[in-house]
Amino acid sequence: MSDIGFIIPTAPQFDFQRTVLSHGWLMLPPFTWDGEEGALAYAYESAAGNVLRLQICGAPDGVQAHLSDSAPMTESLEAELRRAVRTMLNIDWDLSPFYAAMRAHQSYEWLEEERRGRILIAPSLWEDLAKVLLTTNCSWSQTVNMCRQLCLLGAPHPNIKDCHAFPSPGRIAAMDFDQFAESVRAGYRSAYLYELAGKIAKGEIDLGAWLRLDSAALFKAVKSLKGFGDYAAGTIARMYGHFDHIAIDTACHTMFAERHNGGVKGSVDDIKTHYERFGPWRGLVMWMDIMRHHGE
DNA sequence: TTCCAGGGGTAGA
DNA sequence: TCTACCCATGGA
């Protein structure tokens, strides 16, 4: 038990900042990112129903986490928070086989050198599903806006203004649909989101079981949800450690055209064919290509 | 005004 | 399986 939080040791290949910056998730509440301090914060709703502001920073040979709102840290809460941090940063991924496989390919040395490949996710699959749905068929700025509005429906922090946890499925399911849709302003996506929340709340979907599925089964399960197609299922699969699908969206098309296809837009089959050479790592290589391309 | 963004559902061939 | 057409929203 400690008021200053705890440290989770990490393997040498782990890079906190690279993980946080692995995609746009750090911009979506209840995450906030302080780039100058290198601190990631997350409004976390504990199993006991308390909303806490969890702050996570890089530390020598590990990551350090603490509650920035002086909330008391009990032993069981610390265990819960440790699990959440491990999940969010995908700390338990072993990327050694990925780096080893990529040594056979030219122009990808930077992956291992820069310890890239680890991806930031939410503490719950429900939250990631909801967020991925909010990336479909809209600009990124709209995704951020919709997510912000969605989060306002979550349980509020007791003494930090405008700080809410991500809304639980039950919290959404308990709302009137029209009120929900008017709050989130997610267009036709609102119905898909509301339906998903309802199914989880009623126990018709067990996302805990989904976490134990293999790549093909998880992909299929996500695609069975309304509003989730190849892109969304591939994105979720990638975030949960399965890289044998390519999540093709406009960002992928743009990157592929400019980086691999002489500025000409390629077909979906062109893209799939190009990445086949990376076998089970193809989905991760494609995403790293996007991130690399984006950073240039 | 039209187009489009980290797409996807559906009807009809 | 493939193709149109439709879907709410907000910024350009």
Side-chain angles (χ1 to χ4, degrees), chain A residues 20-29 31 33 116-117 119-122 125 127-153 172 175-199 218-240 242-243 245-261 265-275 282-296:
Chain A
V20 173
L21 300 176
S22 57
H23 61 146
W25 252 221
L26 77 162
M27 291 181 253
L28 300 180
F31 280 117
W33 169 244
R116 293 193 185 237
I119 296 172
L120 178 71
I121 65 173
L125 178 53
E127 181 176 330
D128 286 323
L129 285 167
K131 286 174 170 175
V132 168
L133 183 62
L134 295 182
T135 68
T136 59
N137 194 25
C138 64
S139 61
W140 177 253
S141 61
Q142 260 189 287
T143 298
V144 176
N145 281 335
M146 289 187 284
C147 191
R148 194 171 291 153
Q149 284 148 178
L150 176 61
C151 277
L152 290 177
L153 304 178
I172 290 175
M175 290 181 73
D176 171 69
F177 173 72
D178 292 334
Q179 184 197 349
F180 170 73
E182 188 51 41
S183 302
V184 181
R185 312 274 323 150
Y188 66 91
R189 303 169 198 80
S190 298
Y192 299 150
L193 199 49
Y194 191 78
E195 183 181 334
L196 175 60
K199 284 186 173 175
L218 176 62
F219 187 82
K220 188 177 171 187
V222 175
K223 272 199 70 170
S224 75
L225 302 173
K226 274 197 181 170
F228 294 76
D230 286 345
Y231 153 76
T235 300
I236 289 292
R238 181 178 70 230
M239 291 171 48
Y240 284 78
H242 307 293
F243 310 118
H245 290 94
I246 313 275
I248 298 173
D249 55 8
T250 55
C252 177
H253 274 290
T254 303
M255 175 279 294
F256 182 76
E258 294 174 4
R259 200 174 184 88
H260 299 299
N261 214 37
K265 180 176 180 179
S267 69
V268 167
D269 281 343
D270 291 339
I271 296 173
K272 286 184 175 172
T273 301
H274 175 86
Y275 284 98
R282 70 196 102 151
L284 186 55
V285 179
M286 189 284 291
W287 184 253
M288 290 297 113
D289 274 349
I290 288 188
M291 293 310 289
R292 181 81 163 177
H293 190 68
H294 203 67
E296 282 171 357

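To find a chain, count down the sequence lines: A is the first, B the second, and so on, and within it residues start at 1.
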Checklist line | First of A:Gly229 and A:Cys138 reached from the 5' end of DNA chain B, by closest nucleotide | finding: A:Cys138
Next item on the list: Look at all strands and tell whether A:Leu225 reaches a base, only sugar-phosphate, or nothing, counting heavy atoms closer than 4.0 Å.
Entry: sugar-phosphate
Checklist line | Pairwise C1' distance, C:dA12 and B:dT1 [rounded to whole Å] | finding: 12 Å
Note to self: Hydrogens and angles aside, do A:Asp270 and A:Ser267 bring a side-chain donor and acceptor to less than 3.5 Å of each other?
What the structure shows: yes
Note to self: At 4.0 Å (heavy atoms only), tell me whether A:Thr135 reaches a base, stays on the sugar-phosphate, or touches nothing.
What the structure shows: sugar-phosphate
Notebook entry, point to check: If you check every side-chain atom of A:Thr250, which of B:dA5, C:dA8, B:dG8 has the closest atom?
Noted result: B:dA5
Item checked: Nearest-angstrom distance, P atom, C:dC5 to B:dC4 -> 16 Å
Next item on the list: Would you kindly say whether A:Asn261 and A:His274 are connected by a side-chain donor-acceptor distance under 3.5 Å?
Entry: no
Next item on the list: Check if the side chain of A:Tyr188 and the base of B:dG7 share a donor-acceptor pair of N or O atoms closer than 3.5 Å.
Entry: yes
Notebook entry, point to check: Separation of A:Leu193 atom CG from C:dA8 atom P, in whole Å?
Noted result: 15 Å
Checklist line | Spatial distance of atom OG1 (A:Thr254) from atom CZ (A:Arg259) [nearest 0.5 Å] | finding: 13.5 Å
Check: By centroid distance (under 5.5 Å) and plane angle (under 30°), are A:Tyr231 and B:dG7 in a stacked arrangement?
Finding: no
Check: When all nucleic acid strands are considered with a 4.0 Å heavy-atom cut-off, which category describes A:Asn145: base, sugar-phosphate, or nothing?
Finding: nothing
Notebook entry, point to check: Closer to the 5' end of DNA chain C via nearest nucleotide, is it A:Asn137 or A:Ser141?
Noted result: A:Asn137
Check: Quick one: are A:Phe219 and A:Phe228 in side-chain contact, heavy atoms under 4.5 Å?
Finding: no
Item checked: Interatomic distance, A:Met286 CE vs B:dG6 P [rounded to whole Å] -> 14 Å
Item checked: Length of the line joining A:Asp178:CG and C:dA8:C1', which is rounded to integer Å -> 14 Å
Notebook entry, point to check: Using the C1' atom in both, what is the distance from B:dA5 to C:dA8, to the nearest Å?
Noted result: 13 Å
Notebook entry, point to check: Just wondering, do A:Leu152 and A:Val184 contact through their side chains at under 4.5 Å, heavy atoms?
Noted result: no
Next item on the list: Can you tell me the distance, in whole Å, between the CE atom of A:Met146 and the C1' atom of B:dG7?
Entry: 12 Å
Notebook entry, point to check: Which nucleotide, B:dG6, B:dG8, B:dA5, lies nearest any side-chain atom of A:Thr136?
Noted result: B:dG8
Notebook entry, point to check: Is any side-chain nitrogen or oxygen of A:Arg185 closer than 4.0 Å to OP1 or OP2 of C:dA8?
Noted result: no
Notebook entry, point to check: What integer distance in Å separates A:Leu133:CG from B:dA5:C1'?
Noted result: 15 Å
Checklist line | B:dG8 OP1/OP2 closer than 4.0 Å to side-chain N/O of A:Lys223 | finding: no
Next item on the list: Could you tell me the separation between the NE2 atom of A:His253 and the P atom of B:dA5, rounded to a whole number of Å?
Entry: 11 Å
Check: Between A:Ile248 (CD1) and B:dG8 (P), how many Å, whole number?
Finding: 11 Å
Next item on the list: Write down the distance separating the C1' atoms in C:dC6 and B:dC3, rounded off to the nearest Å.
Entry: 16 Å
Checklist line | Gap between atoms CG and P, on A:Leu134 and B:dG8 respectively (whole Å) | finding: 13 Å
Check: Just one of A:Lys223, A:Lys272, A:Lys220 clears the salt bridge (Lys or Arg N to Asp or Glu O under 4.0 Å) bar with A:Asp230, so which one?
Finding: A:Lys223
Checklist line | Phosphate OP1/OP2 of C:dA12 contacted by A:Ser139 side-chain N/O (<4.0 Å) | finding: no
Next item on the list: Give one of base, sugar-phosphate or nothing for A:Ala232, where a contact means two heavy atoms less than 4.0 Å apart.
Entry: sugar-phosphate
Notebook entry, point to check: Mind checking the P distance from B:dG6 to C:dT3? Whole angstroms is fine.
Noted result: 24 Å
